[in-house]
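The structure under discussion appears below in the form of structure tokens.
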Amino acid sequence: DCFASFNMSFRGIDPMASLKDLEKQLDAQQDRLSQSQSRSSQSPSHRAEPVQVRSAAISVPLNPVKTTVGFGAGSSTKQHLSSSLGPSRSREASVSSSHSPGSQASAVVAAASAVDAAAEKAARAAKHQQKQYAKKPKLSKAERRALQEKQRAEKGAGTGEAKGKGKGKSGVSRSSSTKAKSSKGKTADNTAAKAAEATDSKQLSFFAHLKQITANPNLTQPLPFASTVEVHPSVIRLGLKISQGLVTGSTSRCVQMLLAFKDLISDYHTPSGEDLPRDLNQTNLKRAIGFLAEARPLCASMGNAIKALKHYITHELDPSQPEAQAKEGLHQFIDRFIDEKIMLAQAAIAENARDKIKNGDVILVLGSSSLLLHVLKHAKSQGIEFSVVVVDTRPRLAGRTTARSLAEAGIPCSYIAIAAISYIMRDVTKVFLSADAMLSNGYFLGSLGSSMIAMMAHSLSVPVLLCCETYKFSDRVQTDVFVYNELRDPEELVVLPNGSQGQLQGWQETPNLKVLNLVHDVTPSNLVDIVVTEIGMLPCTSVPVVLRVRDEQGL
């Protein structure tokens, strides 16, 4: 009935009129309504109760298009008409109405606003559907990497320019001494960076993760962990000898290291407020070990000896005993380790290997090994007649020392290069090799060329015997030479025996030329027939068993 009265009363009002015109019409209707109410109130016969006008709040939201009418009680109120025509546009009309005229005008305006809103929404939807979003082209992995590198380069160039501007602004306030120090530091950093870049550019990518060892005349300069003043002179002397190649071989390096530690312990004095085991283990020994590792990476035998010494200091050395007594106990432990694990072990291995050497045998050895020298001389002293073929490799040519020692001991020997083993292997009856480390997977780490000799012997069914002390057994697993190895100074390969560099002179400045000087070789277990140790003859697969028993018994 309400909406019917709206249509009947406001049939003459144009709903499409502007808002201002509509407000004027509504104001006129309101005036007429007020006048009629005042006339009716003056007549006593027609006195009536005041008309309760309800306010209608009509809102037209954008989505969905809907008109909501809310009624509330009031005597004479304004009707708020809000129509949402867009995301950020709204129209509000305040209209004072009575029971029928004002409400009808508001309904008309709301209907017009709803129509406009619906039309605008439809236009936006059509425009959104017609809009085409450009999809990014799919890039390959190489193209994405190139794009990332380009973005990083642009970002780095922008950061460098910003830093340069910042330095230029802040450099005005710097003193001359600060500028001199910074320039010296930059020069040193640039020199070191250029040297590292030159070394890396000449290093093969397969061994880029390994440290390139070069002749370091400045080894005694302050090291990152401590200055050389805090390292014992015996340790410094040993480090220089190892760096210059005067002390080689895993056994010799291990023995010399333990003797240097004895000198360190003899001159050690416990600081006040400290106990000997803690301070000696965490301070003095740590610096000495770091200095030796800087000279050359520690071999497995040195690592096991250090582990045994630290275990004794931590678990068996009594902190409450006098310092002189503690030092004496450490000296005895080091002497016992050298005697039992190295000297007596070599004697036991020589005795066990003697049974495998027969009269008339032709034995092939590689390079220089103090253990193999002891084995061959012991067999000769037992009256066994045999001959030896010494195979040598560059650049150290350590086999010359072995050939001279064997000849002086009365053992017939031949000296050849490793390139000739395919010709001489047919006359060989047994191959004796030594190991720098026995790995837990049965492989062994030996001198460069060990794997080649073992493969050649295996192809010709020549027995391969490996002599190794158990203190060189390692829990490390390795199947190739890439994971762990040593890279000696490339200049050792460049320099000829007469001291000249020959055709490779200036190789560092020659593009596309790299020199690799590997130290170790990894030989699989299937190429070794038996391992001769001080505890007997074992297969290569027994290494984990020996390690477990040694750990359980604390040997």
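All values below come from the heavy atoms of this structure, side chains included, with hydrogens, waters and symmetry mates left out. Here the structure is a predicted model, which means the values were calculated and not measured.
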| request: Find the distance between CG (Leu448) and CZ (Arg488) and round it off to the nearest 0.5 Å. | output: 13.0 Å
| Which pair of heavy atoms, one from Ala454 and one from Thr523, lies closest together, and at what distance? | CB-CG2, 3.8 Å
| message | Is there a side chain to side chain donor-acceptor pair (under 3.5 Å) between Lys472 and Thr251? Walk through the geometry before answering. | response | CA-CA 9 Å; Lys472 293 182 180 179; Thr251 302; 3.2 Å; yes
| said: Quick one, Asp318 with Gln325, criterion side chain to side chain contact (heavy atoms under 4.5 Å, CB included). Give me CA distance, side-chain angles, the key distance, then yes/no. | reply: CA-CA 10 Å; Asp318 188 5; Gln325 186 177 354; over 6 Å; no
| task | Please report the shortest heavy-atom distance between Met438 and Gly442, naming the atom on each side. | result | CE-O, 4.0 Å
| Sub-3.5 Å donor-acceptor pair from the side chain of Asn304 to the main-chain atoms of Ser474, do we have one? | no
| Does some side-chain heavy atom of Lys341 sit less than 4.5 Å from a side-chain heavy atom of Glu534? | no
| Interatomic distance, Leu298 atom CG to Arg253 atom CZ [nearest 0.5 angstrom] | 7.0 Å
| query | Checking side chain to side chain contact (heavy atoms under 4.5 Å, CB included) for the pair Leu264/Leu280: CA distance, chi angles, key distance, verdict? | reply | CA-CA 10 Å; Leu264 185 150; Leu280 179 62; 3.8 Å; yes
| Angle class for the Phe337/Phe333 ring planes (parallel below 30°, perpendicular above 60°, tilted otherwise)? | tilted
| query | Taking Leu433 as the fixed residue, which of Val464, Leu372, Val365 is the one that meets the side-chain contact (heavy atoms from CB on, under 4.5 Å) rule? | reply | Val464
| Taking Thr510 for the side chain and Leu513 for the main chain, is one N or O donor matched with an acceptor at less than 3.5 Å? | no
| task | Look at the side chain of Ser301 and the backbone N and O of Ser250, then say whether any donor-acceptor pair between them is shorter than 3.5 Å. | result | yes
| remark: Tightest non-hydrogen contact, residues Ala353 and Val532, listed as N-CG1, 4.0 Å
| task | Identify the two heavy atoms, one from Ser440 and one from Leu547, that lie closest to each other, and give their separation to 0.1 Å. | result | CB-CD1, 4.2 Å
| note | Taken to the nearest 0.5 Å, the spacing of Thr270 OG1 from Leu276 CG works out to 4.0 Å
| So, does Asp480 use its side chain to make a donor-acceptor pair with the main chain of Val483 at under 3.5 Å? | yes
| note | Closest non-hydrogen contact found for Ala350 with Val375 is CA-CG2, 3.8 Å
| query | Hey, does the side chain of Ser450 reach the backbone of Ser447 with a donor-acceptor pair shorter than 3.5 angstrom? | reply | yes
| Just by modelled atom types, is the Met456 backbone N or O under 3.5 Å from a matching donor or acceptor in the Ser459 side chain? | yes
| said: Tell me the closest heavy-atom pair linking Ser525 and Cys540, and the distance in Å. | reply: CB-CB, 3.7 Å
| field | Any donor-acceptor pair under 3.5 Å from Asp279 side chain to Glu274 backbone | value | no
| Are there more than 12 heavy atoms of other residues, nucleotides or ligands under 6.0 Å from atom CE of Met537? | yes
| request: State whether the number of non-hydrogen atoms from other residues, nucleotides or ligands found under 6.0 Å of Lys356 atom NZ is greater than 12. | output: no
| Any side-chain heavy-atom pair of Val362 and Phe386 under 4.5 Å | no
| request: Side-chain contact test, heavy atoms from C-beta onward, threshold under 4.5 Å: evaluate it for Pro524 versus Phe444 and give yes or no. | output: no
| Hey, what do you get for OG (Ser252) to CG (Leu246), rounding to the nearest 0.5 Å? | 12.0 Å
| For the side chain of Asn485 and the backbone of His520, is there at least one donor-acceptor N/O pair under 3.5 Å apart? | yes
| How long is the gap from CD1 on Ile424 to CD1 on Ile421, to the nearest 0.5 Å? | 11.0 Å
| request: Find out whether Leu309 and Leu330 are in side-chain contact, i.e. whether some heavy atom of one side chain is under 4.5 Å from a heavy atom of the other. | output: yes
| Without hydrogens or angle criteria, can the side chains of Asp263 and His232 be said to hold a donor-acceptor pair below 3.5 Å? | no
| request: For the pair Thr402 and Val388, evaluate side chain to side chain contact (heavy atoms under 4.5 Å, CB included) and give the outcome as yes or no after the intermediate values. | output: CA-CA 10 Å; Thr402 303; Val388 179; over 6 Å; no
| query | Would you say Leu487 and Val519 make side-chain contact, with heavy atoms under 4.5 Å? | reply | no
| message | Looking only at side-chain N and O atoms, does Asn284 offer a donor or acceptor that is under 3.5 Å from a partner on Tyr268? | response | no
| message | Within the supplied structure, the quantity of interest is the number of heavy atoms (other residues, nucleotides, ligands) at a distance under 6.0 Å from Arg394 CZ; does it exceed 12? | response | yes
| said: For a quick check under 3.5 Å, do Ser266 and Lys327 share a side-chain donor-acceptor pair by atom type? | reply: no
| request: Mark yes or no for whether Asn517, through its side chain, and Glu491, through its backbone, hold a donor-acceptor pair below 3.5 Å. | output: no
| field | Side-chain heavy-atom pair Ile418, Asp392 within 4.5 angstrom cut-off | value | no
| said: Suppose the criterion is salt bridge (Lys or Arg N to Asp or Glu O under 4.0 Å): which pairs have a residue in residues 411-439, not counting sequence neighbours? | reply: Asp361-Lys430
| said: In the structure I gave you, are the side-chain heavy atoms of Tyr423 and Ile416 within less than 4.5 Å of one another anywhere? | reply: no
| task | Taking atom NZ of Lys241 as the centre, report whether more than 12 heavy atoms of other residues, nucleotides or ligands fall under 6.0 Å from it. | result | no
| said: Determine whether Leu238 and Met257 satisfy the following criterion, side chain to side chain contact (heavy atoms under 4.5 Å, CB included), listing intermediate values before the conclusion. | reply: CA-CA 7 Å; Leu238 177 61; Met257 180 192 69; 4.1 Å; yes
| query | Are Asn281 and Thr314 side-chain neighbours, meaning at least one heavy-atom pair lies under 4.5 Å? | reply | yes
| Honestly, is Arg476 close enough over Tyr484, meaning NZ or CZ under 6.0 Å from the six-membered ring centre and within 45° of the axis? | yes
| field | Polar side-chain atom of Asn359 near backbone of Glu385 as donor-acceptor pair, under 3.5 Å | value | yes
| query | At what distance, to the nearest 0.5 angstrom, does OG of Ser369 lie from CG of Leu376? | reply | 9.0 Å
